[in-house]
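Just so it is clear, the values below take in all heavy atoms, side chains as well, and ignore hydrogens, waters and symmetry mates. Protein chains get the first letters and strands the later ones, always in sequence-line order, with residue 1 at the start of each. Keep in mind that what you see is a predicted model, and the values were worked out from it rather than measured.
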Amino acid sequence: MEFNDNQPVYPMGVAAQILGVHPRTLRIYEAEELISPYRHGGKRMFSKNDLVRIECLRKLIHEENLSIPGIKKLLDYTPCWKLKDCPHETRQKCCELSGKKKKCWEFSQKTCEKSCKNCEVYLK
DNA sequence: ATTCTCACA
DNA sequence: TGTGAGTA
């Protein structure tokens with residue numbers, strides 16, 4: 001009951017419908033690198049975790065009056081191991097990967113299994 | 001029928 | 001953010 005949360009199951013339309021947003025919005029979030037849906041031959045596929053993540057983003061944007069660039073900024077200043085206390089082992093794994101280019105929250109869906117770590121830090 | 005990208009209101 | 005055009 002943990003692996004299926006990261007399973008890409010929803011196509012654009014469905015995901016947008018569930019979230020009550022326009023497909024355009026989701027594409028924008030992706031363009032802004034706030035989410036990274038799976039790609040199956042051009043088609044975006046969202047996992048359940050992607051959905052909750054997006055719910056967080058929308059909450060931040062509307063209730064906390066944060067802008068897209070603002071969120072990106074926060075993420076830049078927020079190391080993942082501060083949001084969740086993962087074992088040093090896992091942390092090293094993260095840093096290896098992140099040292100490359102990726103931001104930790106982008107593959108957090110695979111490495112760190114926290115789904116919505118953003119909310120914690122934002123609310124503080 | 002669906003999604004994709006792009007450009008514009 | 002939302003829409004429409006033109007594809008694949």
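Atoms CE (A:M12) and P (B:dC4) sit 6 Å apart, rounded to a whole Å. Atom CG of A:L19 is separated from atom P of C:dG2 by 13 Å (rounded to the nearest Å). Protein atom CZ of A:R24 is 14 Å distant from nucleotide atom P of B:dA9, rounded to whole Å. Put simply, NE2 on A:H40 is 16 Å from C1' on B:dT2, counting in whole angstrom units. B:dT2 atom C1' lies 15 Å from atom CG of A:L26, rounded to whole Å. Rounded to a whole Å, the NE2 atom of A:H22 is 15 Å from the P atom of B:dC4.
Inter-residue side-chain proximity for A:F46 and A:L26 is flagged as met; some heavy-atom pair is nearer than 4.5 Å.
In this structure, the nucleotide among B:dC4, B:dT3, C:dT1 sitting nearest to the side chain of A:Y29 is C:dT1.
The partner of C:dA8 is B:dT2, by the rule that a Watson-Crick or G-U pair needs both atom distances under 3.5 Å.
Taking 4.0 angstrom as the limit, A:R44 places a side-chain polar atom (N or O) nearer than this to OP1 or OP2 of B:dC4.
A salt bridge does not link A:E32 with A:R27: every distance from a Lys NZ or Arg NE/NH1/NH2 to an Asp or Glu carboxylate oxygen is 4.0 Å or more.
If you find the closest nucleotide of DNA chain C to A:K43 and to A:R58, the one lying nearer the 5' end belongs to A:R58.
Taken to the nearest 0.5 Å, the CD atom of A:E33 stands 13.5 Å off from the CD1 atom of A:I71. We find the CE-NZ distance between A:M12 and A:K43 to be 12.0 Å, quoted to the nearest 0.5 Å.
Using a 4.0 Å heavy-atom cutoff across all strands shown, A:P23 reaches no nucleic acid atom at all.
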